[in-house]
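Structure first, then comments.
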Amino acid sequence: MSEKIRIIASEQAWIEGEAVQQLENTAKLPGMQRAVGLPDLHPGKGAPIGAAFASEEMIYPYLLGNDIGCGMGLWQTDLKKNKIKLDKMVDKLTGLDDQYDGDIQAVLASHDLAPSPADPFLGTIGGGNHFVELQKVNEVVDQAAFSELGLDKKRLVLLVHSGSRGLGEGILQKHVAAHKAAGLVADSEEGREYLAAHDHALKWAKANRETISSRFLAALRADGEFVLDLPHNLLTQTEICGEKRWLHRKGAVPANGGPVVIPGSRGSLTYLVAPVGDLENALFSLAHGAGRKWQRSASRDRLRKKFSADSLRRTDFGSRVICEDKNLLYEEAPQAYKKIDLVINDLLAAGLIEIIATYQPVITYKRRTRVD
DNA sequence: ATGTGC
């Protein structure tokens, strides 16, 4: 394996050969200095997911993929853990895939965002692995760090996973039409144009998660306080070992900006962790989740044989899954994902995290609208 | 992942 590559995973971790091959391929790209695979590394469309890449001079839009700015936002609600009325809450969460009926222009203005064709979709989560999850505390491990974030173990939190919808898609498509998987010189007209579009999508995606949270909180008739928001598909100029590098993160959460959330699948715990240790050697990045184990089509084929759709709408935690799109229900089932505990154990073994707390699902909202 | 593909 190239000395440019590091894979942070134990021998027991299930990492597909194709993902490792994809990581090897990225290390050969012109200007590429280092590539790090995180414990949730898995194959993507040409480029791996769960990885960070540091390059000199060149930037590679293809490594980031279409959902520029996709990430996790966390809000603490004023809903109490001991007063959960599941059926009533599920009934309230309707109409949330429709166009946002609030003031989109005001949201854009507050984030200093220029108009874009994706604006009618602001406030919608989209499909794929995107979700909104209401969670309750499972365990507080580091009370001081937990309190420091303003968190209260009696209160439910809202975790929002979404991105830049059609906006990032359009930016990648434009690049691919002209350059396919090839990169750009960062300091060129096209490079600067991509970076400007990227930065816009990054901000838009954050505004999207904020809008989604306010919609869901309003539907639940709850208030919420912002806790944190971190993208996991992004490109930044970052100093690494004393050199300015273009740091690409694809399914990798920044570990140089305080605590991060690493969610499992909807059937497992979510970890709130503090990055520690030699993060520079991990390109200041951590795993962004459990990582997919089975491809979408394989998940549908395998799980349809074993489980009814309704059985997948409840989890071992007693939580509910709101998802009327049956394909999505099977594609995103917990069985299709790796075990989050193993991902966390690998990060602990590498000395890169300390656990602050764990949360468990109460309600997982996937796209509710029926499309099948 | 996708104002969702043949």
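In what follows, every chain begins at residue 1, and chains take the letters A, B, ... in the order their sequences are listed.
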Quiz item: So what does G127(A) hit on the nucleic acid, given a heavy-atom distance under 4.0 Å: a base, only sugar-phosphate, or nothing?
Solution: sugar-phosphate
Practice problem: Determine the contact category for G128(A): base if any of its heavy atoms lies under 4.0 Å from a base atom, sugar-phosphate if only primed atoms, P, OP1 or OP2 are that close, otherwise nothing. | Solution: sugar-phosphate
Quiz item: Taking CG from D98(A) and P from dG3(B), how many angstroms apart are they, rounded to a whole number?
Solution: 16 Å
Quiz prompt | Separation of atom CG in D97(A) from atom P in dT4(B), rounded to whole Å | solution = 15 Å
Quiz item: For the pair made of CG in L172(A) and P in dG3(B), what is the distance, rounded to whole Å?
Solution: 13 Å
Quiz item: How many Å lie between CD1 on I104(A) and C1' on dG3(B), as a whole number?
Solution: 13 Å
Quiz prompt | Ring centers of H232(A), H161(A) separated by less than 6.0 Å | solution = yes
Quiz item: Taking only residues two or more places apart in sequence or in another chain, which ones pass salt bridge (charged side-chain N to carboxylate O under 4.0 Å, His left out) with R266(A)?
Solution: none
Quiz item: Can you tell me how far P of dT2(B) sits from CG of N327(A), to the nearest Å?
Solution: 15 Å
Quiz item: Between dT4(B), dG3(B), dT2(B), which nucleotide gets closest to the side-chain atoms of H130(A)?
Solution: dT2(B)
Quiz item: Would you say the side-chain atoms of K250(A) pair up with the backbone N or O of A47(A), donor to acceptor, closer than 3.5 Å?
Solution: no
Quiz prompt | K45(A) NZ - dT4(B) C1' separation (whole Å) | solution = 13 Å
Quiz item: Taking atom P of dT2(B) as reference, at what distance in whole Å does atom NZ of K366(A) sit?
Solution: 10 Å
Quiz prompt | Whole angstrom value for the distance that separates C1' of dT2(B) from CD1 of I125(A) | solution = 14 Å
Practice problem: Provide the full list of side-chain hydrogen bond (donor to acceptor under 3.5 Å, both in side chains) pairs with a residue in residues 44-65 of chain A, sequence neighbours left out, each pair given once. | Solution: Q33(A)-E56(A)
Quiz item: Just checking G170(A): base, sugar-phosphate only, or nothing, at a heavy-atom cut-off of under 4.0 Å?
Solution: nothing
